[in-house]
Amino acid sequence: MRAEIDCLAVTDHNSGDWIDCLKEALSQLDTEKSAGYRPLLLFAGVEITVTGGVHLLAILPSEKGTTDIARLFGSVGFEKESDQQTHLSFEKVAAKIEEAGGIAIPAHVDREKRLFKMLSGQSLQTVLSCDHIFAMEIVDSQFEKPKVYTEVTP
């Protein structure tokens with residue numbers, strides 16, 4: 001709040017367990033309105049490991065919570081007790097996120113064992129052409145994007 005941030009998304013890796021607790025704490029702060037308090041919009045989210053190991057952020061509307069994330073996990077075939085990744089393709093998971101009212105953002109695509117490092121050619125082109133992706137997280141602004149990225153994106 002001191003940094004004057006207006007909103008944030010909480011995106012634990014393969015878990016949405018904390019969001020309701022955080023929303024409750026934020027509600028308490030809103031009730032107390034102590035010195036330095038300012039309204040903050042909190043978005044529920046999760047970083048989902050998709051088949052093949054690529055990470056995909058799901059940012060849901062601010063009114064969503066832990067139950068909604070659990071429902072999203074069910075719709076994409078993610079089972080915490082199993083192999084810790086979805087049973088659906090990247091494109092299908094992105095579509096399910098959109099169906100849930102959220103936005104899908106490929107996470108840290110420039111890091112080892114992530115989108116730009118794990119996929120290439122037609123597989124990467126398919127993901128980059130996905131109608132359900134509107135942004136991606138790039139950690140290193142100096143990272144040289146693959147050729148297929150520059151061919152697919154305007």
Side-chain angles (χ1 to χ4, degrees), residues 1-119 124 126-143 145 153:
M1 291 178 182
R2 272 184 245 127
E4 297 185 5
I5 293 172
D6 295 318
C7 65
L8 61 100
V10 176
T11 57
D12 282 345
H13 186 70
N14 293 331
S15 173
D17 295 344
W18 286 94
I19 193 66
D20 288 349
C21 296
L22 293 172
K23 286 186 173 208
E24 187 176 311
L26 183 59
S27 178
Q28 183 66 31
L29 287 172
D30 185 55
T31 300
E32 295 170 2
K33 292 198 180 20
S34 56
Y37 172 81
R38 63 191 300 272
L40 181 67
L41 191 57
L42 184 59
F43 292 95
V46 65
E47 181 179 346
I48 302 171
T49 304
V50 178
T51 297
V54 174
H55 291 178
L56 185 58
L57 295 172
I59 311 294
L60 300 178
S62 61
E63 68 274 5
K64 303 287 185 173
T66 301
T67 302
D68 300 291
I69 292 171
R71 194 174 297 120
L72 177 61
F73 274 141
S75 74
V76 299
F78 183 90
E79 298 174 19
K80 287 187 179 188
E81 293 77 30
S82 66
D83 53 6
Q84 296 291 307
Q85 61 183 4
T86 67
H87 298 289
L88 296 180
S89 69
F90 180 95
E91 298 82 4
K92 289 181 181 177
V93 173
K96 292 288 187 181
I97 292 168
E98 189 174 304
E99 284 174 23
I103 58 171
I105 301 172
H108 36 268
V109 297
D110 53 339
R111 292 298 185 220
E112 288 302 316
K113 297 184 179 180
R114 297 303 167 243
L115 186 68
F116 285 163
K117 303 282 185 164
M118 296 177 73
L119 300 179
L124 181 56
T126 299
V127 167
L128 294 175
S129 300
C130 179
D131 290 338
H132 308 289
I133 301 297
F134 299 98
M136 65 178 60
E137 176 196 21
I138 297 177
V139 178
D140 178 4
S141 62
Q142 302 303 311
F143 177 79
K145 294 159 194 77
T153 58

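Keep in mind that what you see is a predicted model, and the values were worked out from it rather than measured. Starting from 1, each residue takes its place in the sequence as its number.
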- Going through the checks in order, is the side chain to side chain contact (heavy atoms under 4.5 Å, CB included) test met by Leu40 and Leu8? CA-CA 8 Å; Leu40 181 67; Leu8 61 100; 3.8 Å; yes
- Query: Please walk me through it: do Arg111 and Val139 pass side chain to side chain contact (heavy atoms under 4.5 Å, CB included)?
  - Reply: CA-CA 8 Å; Arg111 292 298 185 220; Val139 178; 2.7 Å; yes
Hey, could you give me the [atom1]/[atom2] distance between [X] and [Y], rounded to the nearest 0.5 Å?
{"X": "Thr11", "Y": "Glu137", "atom1": "OG1", "atom2": "CD", "result": "8.0 Å"}
{"X": "His108", "Y": "Lys117", "atom1": "NE2", "atom2": "NZ", "result": "13.0 Å"}
{"X": "Tyr37", "Y": "Leu26", "atom1": "OH", "atom2": "CG", "result": "5.5 Å"}
{"X": "Cys130", "Y": "Lys92", "atom1": "SG", "atom2": "NZ", "result": "12.0 Å"}
{"X": "Leu41", "Y": "Ile5", "atom1": "CG", "atom2": "CD1", "result": "12.5 Å"}

Considering all heavy atoms, the nearest [X]-[Y] contact:
{"X": "Pro106", "Y": "Phe90", "answer": "CG-CZ, 3.7 Å"}
{"X": "Ala58", "Y": "Ile48", "answer": "CB-CD1, 4.3 Å"}
{"X": "Phe43", "Y": "Ser62", "answer": "CD2-N, 3.6 Å"}
{"X": "Glu91", "Y": "Thr126", "answer": "OE2-CG2, 3.0 Å"}
{"X": "Gly102", "Y": "Leu60", "answer": "CA-CD2, 3.9 Å"}
{"X": "Ser89", "Y": "Val50", "answer": "C-CG1, 3.8 Å"}

- Item | Thr49, Ile133, Thr86 screened by side chain to side chain contact (heavy atoms under 4.5 Å, CB included) with Leu56, the one that passes | Ile133
- Query: Knowing that exactly one of Asp68, Val46, Leu42, Asp12 qualifies, which makes a side chain to side chain contact (heavy atoms under 4.5 Å, CB included) with Ile19?
  - Reply: Leu42
- Item | Carboxylate-amine/guanidinium proximity below 4.0 Å for Asp20 and Lys23 | no
- Going through the distances and angles, do Phe116 and Leu128 end up as a side chain to side chain contact (heavy atoms under 4.5 Å, CB included)? CA-CA 10 Å; Phe116 285 163; Leu128 294 175; 4.1 Å; yes
- Item | Short side-chain to backbone donor-acceptor contact, Thr66 and Gly16, under 3.5 Å | yes
- Message: When you measure from the side chain of Asp110 to the backbone of Asp140, do you find a donor-acceptor pair of N or O atoms at a distance under 3.5 Å?
- Response: yes
- Query: Do any pairs count as a salt bridge (charged side-chain N to carboxylate O under 4.0 Å, His left out) and have a residue in residues 27-36, sequence neighbours left out, and if so which ones?
  - Reply: Asp30-Lys33
- Task: Kindly state each residue pair satisfying salt bridge (charged side-chain N to carboxylate O under 4.0 Å, His left out) with at least one member in residues 35-62, sequence neighbours excluded.
- Result: Asp6-Arg38
- Residues Leu88, Thr51; criterion side chain to side chain contact (heavy atoms under 4.5 Å, CB included); working and verdict: CA-CA 6 Å; Leu88 296 180; Thr51 297; 5.7 Å; no
- Could you check if a side-chain atom of Val109 sits within less than 4.5 angstrom of a side-chain atom of Arg114, using non-hydrogen atoms only? no
- Do the ring planes of His13 and His55 sit parallel (below 30°), tilted (30 to 60°) or perpendicular (above 60°)? tilted
- Task: Please name all residues satisfying ring pair (Phe, Tyr, Trp, His ring centres under 6.0 Å) with His132, sequence neighbours left out, ordered by chain then number.
- Result: none
